[in-house]
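All remarks here apply to the structure that follows.
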Amino acid sequence: SPPPPPPSPPPPPPKPPPLPPGGKFVDIVAFSLSTAPTQSDEDSVRNALLWLALGVEKLVVSARGGYVFDLTATVSADSAYKAADVVGYTENADLWQSLGFTIVSNAIVTTVIVAGPSPPPPLPPPDSPSPPPLPAPLSPPLAPNQPLSPPALPPGTITSPMLSVALAEESTFASAAPSTLSFVGQNVESFDMAKWTPAGSGCDSSAATTASILFALSPGSSPSATFTFPATGSYSLCYKYNFRSSGGLYEASDFIAFDASRVVAFSVDGFSPPSTAIGCSTTISIQGAAFATLQAEGVTFQCEFGFPQGAPKIAATVVDDMTITCTAPSRNPGVPHVPLTLNVIDSYDPPRFDSVAVPLTTEFQYYDGDAAASYADVSPGGGLYNTRPMMSITGAFTSGLGSPRCRVADYTGTTGSVGDGGTFLTCDKPRFPDSMRSATGSYSIEVALNGQCFFSSGLNYVVYNAMVESVSLLGAPAETPVAMTVYGEGFPYPGLSGAFCRFRAIGTENADRLDQTRSATTTSTTELEVDTPAGQVPGQWEIRCMLNGVDAVPSLFDAPSFGEYDLSLVQLFSVQPTAGPVSSAITLTIQGSNFADYGVTCREAAGQVEATAELLDSDNMLCHLPAAATSALGTIEVQVSLNDGTDGTWAATTVSYQTYSPPEVHSVTPSEGAANGGEDVVIRGSGFAVPGLD
């Protein structure tokens, strides 16, 4: 087969459309539209101001049809192009022509055609032809390798802005909107660029803001640009001249530092309280950053309260770089809440910048202090003078007024909150200074729902200065609770509800035992009663008592301690003597094991007649039985307690002691004998034989 014919050459590129009379061509940079434009199409129409600055008022784009954009309609507050600003969409050439444009079709536009005025009338022909002009003399050639020097850049100055303020992006309470700044100075024009760097860091700082291109919003206006400031602090201007109006005569400059042109970026991170009580003077604290920096630049602050009858503007005080304060004015009748705004104002005349208004809230509240809360009870109802326990107050409370605080005896706490549902309030009882250690007694509690406006709650708080000295027991059985008396001074009496003592296991042998708590009752200003923990495992315990259920009362020295022992190991083996006359007092020596001096005592078990005892060592003790304990004839059982005979502390084992009637002597035979002895004597009488005795 013959070879295929060569491919046809590509069609020549379309010729540019003819230039209309008085029109001009303007090249488009980075302009590529293949579909209908959208706001996010950053590679297409970036900014309507750019086209307007080029003298383009209407733009023809033909790609899959024709789009007409009326650029004068797209200029909005943020200067951003919006697809909704499209004037029309059509394929009718008559529409394009009616707008004064030459049609460009079936290709992505690379040229904008701007219709101009009608061409001027032709000039009349000259009377006679003029001779051709003589050629200009040739300039001498340049020396080889000698480049042309670029012309020196013209001078540039910045006269405005000299000082501006802006909210930093790190502001956590008031959101930071981009700041639009206008520039005035020598050779300042559209398409120049500007950025801001932290003061003293230089134009190459990595912390600089993003460089922005300047554009004039309208003919005759100063070019401006929009900036965001990432952090608080003072910024200096870095400016780049592009000299666009020179027609390429000058190259663009580097960024030049203008330290006299400054922006101070500040933040507003919160304020408190959001309310005040009617008739109360409340100081509002505004938190943020760079307040003192602004003040050093001659900037002042105002708190504006938006009352319908007129918005009072209260001068604010700069406390430090992070705090501003102002005082809420009296409420106008019938206004429960008003807007609150922080105004940032230049004190210079004329001002260097427009005032900046930072909205803080739309509902700064004015409330009735008596009606905003009702009170039922407080817990704890008292405490040591130099502690600051959290008090829980039940009742009904209005929330959202601020951080509540409580006041006792003219001393004010530091923190508080209203619980969910407004049924309880917590606040710390203020710590009294050491000078108030003797100021014990009952004091009224005042509450400020916004932290500043105090009203009486009708509740009282008992302040005491107590100390624990000792306990009545050194030991007790691990199996049975034993009543213990804690001795001290300054105990609140009558006692407070919720009082208890905590027993903490001490010593390496007690590592596996958990702390124990037992309720306590104050019986006087020097004594309280509490049961031992009966922890089931022998060991030592340390005792601390919380007379208000919260704070431990201090001890004079170390905290008192006592031991718990295994009662089953307390054993009795024997007694000496084993018998004695009935109804006669006698001292017995009892042998056994695991005796300890926790208050040893003994008794005759049947009649439970107690006796005193003395500990000799861990295996021996003396028991001094009174005559009443031996009044029964026969065998009696003797018991031992290591804890003063408290119920549950008597050893399970006993020893037996025999009582008998005293013997009677009736006669002695013989009634006399030799002085050197050796004779048997017979004694006759009664009661000589005692059953059970050898």
When you measure from the side chain of Gln516 to the backbone N and O of Arg502, does any donor-acceptor pair fall under 3.5 Å? no
Would you call Asp531 and Arg518 a salt bridge, using N to O less than 4.0 angstrom? no
Would you say CG of Asp617 has more than 12 non-hydrogen atoms from neighbouring residues, nucleotides or ligands within 6.0 angstrom? yes
CG/Asp320: more than 12 non-hydrogen atoms of other groups inside 6.0 Å: yes
Give a yes or no on whether Asp647 atom CG has more than 12 heavy-atom contacts from other residues, nucleotides or ligands under 6.0 Å away. no
Is there a donor-acceptor pair closer than 3.5 Å between any side-chain N or O of Thr398 and the backbone N or O of Ala372? yes
Should Tyr487 and Val471 be marked as a side-chain contact (heavy atoms from CB on, under 4.5 Å) after you check the CA-CA gap, both sets of side-chain angles, and the distance that decides it? CA-CA 6 Å; Tyr487 302 103; Val471 293; 5.8 Å; no
From SG (Cys427) to CD (Glu446), nearest 0.5 Å: 11.5 Å
Can you confirm whether Val263 sits close enough to Phe229 that some side-chain heavy atom of one is under 4.5 Å from a side-chain heavy atom of the other? yes
Can you confirm whether Ile445 sits close enough to Met391 that some side-chain heavy atom of one is under 4.5 Å from a side-chain heavy atom of the other? yes
Restricting to non-hydrogen atoms, name the atom on Cys501 and the atom on Leu528 that form the minimum distance, rounded to 0.1 Å. SG-CD1, 3.9 Å
Would you find a donor on one side and an acceptor on the other, under 3.5 Å apart, between the side chain of Thr387 and the backbone of Leu384? yes
Within the 4.5 Å heavy-atom criterion, are Met621 and Val640 side-chain neighbours or not? yes
Go through the steps for Ile345 and Phe301 under the test side-chain contact (heavy atoms from CB on, under 4.5 Å), then give the verdict. CA-CA 6 Å; Ile345 304 167; Phe301 301 90; over 6 Å; no
Do you know the tightest heavy-atom contact between Ala265 and Ala168? CB-CB, 4.1 Å
Please assess Leu588 against Val638 for the test side-chain contact (heavy atoms from CB on, under 4.5 Å), listing each intermediate value before the final yes or no. CA-CA 10 Å; Leu588 304 178; Val638 179; 4.1 Å; yes
Distance in Å, Ser561 OG paired with Leu473 CG, rounded so as to fall on 0.5 Å steps: 12.0 Å
Indicate whether any N or O donor in one side chain lies under 3.5 Å from an N or O acceptor in the other, for Thr612 and His624. no
Are the side chains of Leu547 and Pro492 in touch, meaning some heavy atoms are under 4.5 Å apart? yes
For Gln452, does its backbone N or O pair with a side-chain atom of Asn450 as donor and acceptor, under 3.5 Å? yes
Could you check whether any side-chain heavy atom of Phe562 comes within less than 4.5 Å of a side-chain heavy atom of Phe503, counting everything from C-beta outward? yes
Using a distance-only test with no angle check, is there a side-chain donor-acceptor pair under 3.5 angstrom linking Thr276 and Thr282? yes
Find out whether the Lys NZ or Arg CZ of Arg407 is both under 6.0 angstrom from the six-membered ring centre of Phe454 and within 45° of the ring's axis. yes
Note: Val378 and Asn460 closest approach over all heavy atoms is CG1-O, 3.8 Å
We want to know whether Ser555 and Arg544 form a side-chain donor-acceptor pair, criterion being a heavy-atom distance below 3.5 angstrom. no
Determine whether Ile324 and Ser285 make a side-chain contact, defined as any pair of heavy atoms from C-beta on separated by less than 4.5 Å. no
Taking every heavy atom of Phe455 against every heavy atom of Asp370, the minimum-distance pair comes out as CD2-OD1, 3.4 Å
Answer whether the closest heavy-atom distance between the side chains of Thr526 and Glu469 falls below 4.5 Å. no
Measure from the side-chain N and O atoms of Thr532 to the backbone N and O of Val482, and report whether any donor-acceptor pair falls under 3.5 Å. yes
Going from CG on Asn643 to OG1 on Thr480, what distance comes out if it is rounded to the nearest 0.5 angstrom? 10.0 Å
Do Tyr385 and Tyr464 have their ring centres less than 6.0 Å from each other? no
Check whether Arg603 reaches the backbone of Glu610 with its side chain - one donor and one acceptor, N or O, closer than 3.5 Å. no
Is a side-chain donor-acceptor pair under 3.5 Å present for Thr426 with Ser417? yes
Does Ser641 reach the main-chain N or O of Trp650 with its side chain, forming a donor-acceptor pair under 3.5 Å? no
NZ or CZ of Arg504 within 45° of Trp541 ring axis and under 6.0 Å: no
List the steps and the verdict of side chain to side chain donor-acceptor pair (under 3.5 Å) for Gln591 and Ser574. CA-CA 5 Å; Gln591 294 82 40; Ser574 62; 2.3 Å; yes
Can you list the steps and then say if Thr325 with Thr283 is a side chain to side chain donor-acceptor pair (under 3.5 Å)? CA-CA 6 Å; Thr325 61; Thr283 298; over 6 Å; no
Has Asp428 got a side-chain atom pairing as donor or acceptor with Thr414's backbone, closer than 3.5 angstrom? yes
Atom pair OG1/CG of Thr362 and Leu360 - distance to nearest 0.5 Å: 11.0 Å
State, to 0.1 Å, how close Pro481 and Ala534 come at their nearest heavy-atom pair, and which atoms those are. N-CB, 3.6 Å
Nearest heavy-atom contact between Pro198 and Tyr235 is N-CD2, 3.7 Å
In this structure, are over 12 heavy atoms from other groups packed under 6.0 Å from Met322 atom CE? no
Would you say the side chains of Glu637 and Ser656 form a donor-acceptor pair under 3.5 Å? yes
When the aromatic ring centroids of Phe397 and Phe424 are compared, is their separation below 6.0 Å? no
After noting the C-alpha distance and the side-chain angles of Leu556 and Val468, does the key distance pass the side-chain contact (heavy atoms from CB on, under 4.5 Å) rule? CA-CA 6 Å; Leu556 182 60; Val468 168; over 6 Å; no
Ring-plane angle category for Phe291 and Phe266, please: parallel below 30°, perpendicular beyond 60°, tilted otherwise. tilted
Side-chain contact test, heavy atoms from C-beta onward, threshold under 4.5 Å: evaluate it for Leu340 versus Pro274 and give yes or no. no
Only one of Asn343, Ile314, Val338 clears side-chain contact (heavy atoms from CB on, under 4.5 Å) with Glu304; which? Asn343
Is there a donor-acceptor pair under 3.5 Å between the side chain of Tyr461 and the backbone N or O of Gly382? yes
What's the separation between atom CD1 in Ile284 and atom CZ in Phe271, rounded to the nearest 0.5 Å? 7.0 Å
Side-chain donor-acceptor pair present, Gln571, Ser593, cut-off under 3.5 Å: no
To the nearest 0.5 angstrom, please state how far the CD1 atom of Ile636 sits from the OH atom of Tyr657. 7.0 Å
Would you find a donor on one side and an acceptor on the other, under 3.5 Å apart, between the side chain of Asp644 and the backbone of Thr646? no
